[in-house]
There are 2 protein chains.
Amino acid sequence: MPKLVAGDIALALKKRISDGEWENGRMPPERDLADEFKVARNTVRRAVGLLEEDGTVVRQVGRGTFLAAPDPNSLAAVVARMEGTSPADMMEVRHLLEPAAAAFAATNATIGELNAVRDAYRTACEATDMPGFEHWDAEFHHRIFACSRNEFLKELHNLMRILRNQSPWFEMKKRSFSEERRLAYCDEHEKIVDALLRRDPEAARAAMTAHLGTVARNLLGR
Amino acid sequence: MPKLVAGDIALALKKRISDGEWENGRMPPERDLADEFKVARNTVRRAVGLLEEDGTVVRQVGRGTFLAAPDPNSLAAVVARMEGTSPADMMEVRHLLEPAAAAFAATNATIGELNAVRDAYRTACEATDMPGFEHWDAEFHHRIFACSRNEFLKELHNLMRILRNQSPWFEMKKRSFSEERRLAYCDEHEKIVDALLRRDPEAARAAMTAHLGTVARNLLGR
DNA sequence: CTAGATTGGTCCATTATCGGTTCAGATAGA
DNA sequence: TCTATCTGAACCGATAATGGACCAATCTAG
């Protein structure tokens with residue numbers, strides 16, 4: 001009888017896949033499936049062939065059959081996609097987060113934390129080489145997030161910092177670096193520090209917004 | 001036997017490491033592990049090789065295999081810390097990002113994307129069970145980020161969605177769910193959709209801000 | 001300081017398991 | 001009957017695991 005068993009099995013397999021069976025990403029060998037479905041291996045092969053055609057599954061000789069769709073909503077997949085973030089997108093998000101973080105810091109920081117921010121600012125000012133300045137500049141921004149009293153915000157900045165330290169970014173930052181711009185950044189940092197020490201959230205927000213505007217212009221070249 | 005034993009062993013070892021076994025920082029010799037897992041040493045070597053690749057472990061000839069000092073600035077560590085994010089911190093960040101995303105969407109979305117947002121809104125309205133509503137509610141918010149024309153922003157929302165789908169959050173959302181609140185959310189979603197379809201960024205931003213205010217009150221109980 | 005034990009690094013022939021292919025036959029429906 | 005499908009079996013080539021040997025670096029006991 002043309003039972004269409006293969007099609008049925010393909011459907012059953014799809015269901016079991018979407019139900020999360022075989023979360024390790026590996027399907028059982030065709031011979032085992034044949035036993036389980038009480039069917040010849042060729043039939044299972046047809047069924048799996050259908051899954052392979054529509055991309056649900058990938059087969060490798062000598063290794064096995066694997067689920068093709070690594071869950072696009074997994075943490076790993078999300079982070080992997082973030083690694084391709086464009087500078088423009090990144091700057092846009094920084095504009096959303098950093099001024100707010102500065103405002104939070106102005107109201108929430110302890111005096112010790114503010115001193116740490118000021119120290120990072122000063123060290124950055126004294127660093128004349130590009131990697132040294134880059135490091136303390138990042139540290140300056142990070143310490144502001146650190147006193148925003150929002151752990152998640154702080155970790156988001158950590159995330160952005162890591163992404164910005166990867167290869168394509170480093171080249172871009174090196175290209176856009178100049179002594180003149182370094183001094184401009186120091187000026188702007190100083191305004192931010194002043195606002196924080198005055199405990200003035202709106203001034204801190206405004207100073208940070210202005211600073212990010214400069215950074216964006218320099219980095220994106222406009 | 002190509003059963004991919006090495007990968008399984010690598011996973012088992014990772015689990016035992018994160019469970020705090022070998023706190024002295026030293027792993028057993030490969031030969032012992034081979035005995036323990038009833039497997040050839042070459043197989044264990046492969047497994048440990050995987051751990052070495054992703055930096056969980058360091059091997060030294062003649063000395064042994066040692067747990068690598070966890071780098072607090074690694075992506076993995078950052079993500080791990082994010083898993084402990086408090087609802088209050090999360091809501092604060094949502095307040096920073098989502099209104100902006102809605103405003104971006106109002107100006108940048110294609111008509112097809114806006115229809116997708118509207119569809120998600122409608123489906124959520126029709127879902128009366130809590131998991132179904134929860135899913136389409138998340139989908140609604142996600143589709144707004146998807147048409148913000150900022151890939152990084154979109155992935156950040158993906159990240160937040162994953163964090164919010166973990167165990168402590170699920171309980172909290174279930175507790176705060178009620179038919180009355182579901183209807184209120186639908187009303188607010190409608191206002192957002194309207195603003196998007198009118199291509200009015202400021203109205204979209206305001207509607208989203210109002211909605212998040214409601215969510216925060218319900219979730220944090222104030 | 002030296003000899004021996006321990007550990008990871010490398011290599012290789014062998015064996016087992018996997019998907020890929022083919023084919024002759026059985027079985028049902030048009 | 002003709003056609004499509006499943007059966008059962010054999011064989012191929014790819015890949016992983018086995019089990020053993022030997023090397024080089026390191027540590028320890030005498």
Side-chain angles (χ1 to χ4, degrees), chain A residues 1-18 20-70, chain B residues 1-71:
Chain A
M1 39 168 155
K3 299 179 193 169
L4 296 185
V5 177
D8 296 346
I9 293 183
L11 236 72
L13 290 177
K14 257 192 192 173
K15 169 135 179 51
R16 287 167 66 172
I17 288 172
S18 67
E21 203 167 339
W22 311 313
E23 291 210 38
N24 50 1
R26 182 169 202 256
M27 280 185 44
E30 296 173 349
R31 288 165 171 93
D32 289 4
L33 288 177
D35 281 355
E36 189 183 325
F37 285 104
K38 311 281 185 205
V39 107
R41 179 160 84 104
N42 275 339
T43 309
V44 166
R45 277 191 56 71
R46 281 206 186 190
V48 179
L50 295 176
L51 298 194
E52 191 183 22
E53 275 179 27
D54 65 33
T56 339
V57 116
V58 173
R59 300 201 273 195
Q60 291 181 47
V61 187
R63 284 174 46 84
T65 304
F66 303 86
L67 308 190
Chain B
M1 35 166 151
K3 272 207 148 185
L4 303 192
V5 177
D8 295 346
I9 294 184
L11 233 69
L13 290 177
K14 256 191 193 172
K15 168 134 181 50
R16 287 166 66 172
I17 289 172
S18 67
D19 283 356
E21 204 167 340
W22 311 313
E23 295 223 25
N24 49 0
R26 188 198 180 121
M27 280 186 42
E30 297 173 349
R31 288 165 172 91
D32 291 3
L33 288 176
D35 282 354
E36 189 182 326
F37 284 105
K38 310 281 185 206
V39 110
R41 178 159 84 103
N42 276 336
T43 308
V44 166
R45 278 191 55 70
R46 279 205 181 201
V48 178
L50 294 176
L51 298 194
E52 191 183 23
E53 273 181 27
D54 64 33
T56 20
V57 115
V58 174
R59 300 201 272 196
Q60 291 181 45
V61 186
R63 286 174 39 82
T65 304
F66 304 86
L67 309 190
D71 176 5

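So that the names make sense, note that chain A is the first sequence line, chain B the second, and so on, each numbered from 1.
The distance from atom CZ of A:Arg41 to atom C1' of C:dC18 is 8 Å, rounded to the nearest whole Å. C:dG9 atom C1' lies 11 Å from atom CD of B:Glu52, rounded to whole Å. In this structure, B:Arg45 places its CZ atom 15 Å from C1' of D:dG19, rounding to the nearest Å. Between the CG atom of B:Leu33 and the P atom of C:dT6 there is a distance of 16 Å, rounded to whole Å. We find that CD of B:Glu53 is positioned 15 Å from C1' of C:dG9, with the value rounded to whole Å. One atom, CZ of B:Arg59, and another, C1' of C:dG9, lie 8 Å apart when rounded to the nearest Å. Atom CD of B:Glu30 is separated from atom P of C:dT7 by 10 Å (rounded to the nearest Å). Distance CZ (B:Arg63) to C1' (C:dT6): 13 Å, rounded to an integer number of Å.
Backbone-only engagement by A:Val39 is indicated by non-hydrogen atom pairs under 4.0 Å involving sugar-phosphate atoms exclusively.
Looking at the side chain of B:Ala40, the nearest of the listed nucleotides D:dC11, D:dT18, C:dG8 is D:dT18. The side chain of B:Asn42 sits closest to D:dT18 out of D:dA16, C:dG8, D:dT18. When the nucleotides D:dA24, D:dA17, D:dG13 are ranked by their closest atom to the side chain of A:Val61, D:dG13 comes out on top.
One can find a donor-acceptor pair under 3.5 Å joining the base of C:dG8 and the side-chain atoms of B:Arg31.
Between B:Thr65 and C:dG8, a side-chain N or O to OP1/OP2 separation shorter than 4.0 Å is present. Within the 4.0 Å cut-off from OP1 or OP2 of D:dA16, not a single side-chain nitrogen or oxygen of B:Thr43 is found.
The shortest side-chain heavy-atom distance between B:Arg45 and B:Val48 does not fall under the 4.5 Å cut-off. Between A:Phe37 and A:Asp8, every side-chain heavy-atom pair lies at or beyond the 4.5 Å cut-off. Between A:Met27 and A:Ile17, some side-chain heavy-atom pair lies under the 4.5 Å cut-off.
Between the side chain of A:Asp54 and the backbone N or O of A:Thr56, at least one donor-acceptor pair lies under 3.5 Å.
When each of A:Arg59, A:Arg26, A:Glu52 is checked for a side-chain contact (heavy atoms from CB on, under 4.5 Å) with A:Thr65, only A:Arg59 meets the rule.
Between B:Gly7 and B:Gly62, the residue anchored nearer the 5' end of DNA chain D, judged by the nucleotide with its closest heavy atom, is B:Gly7.
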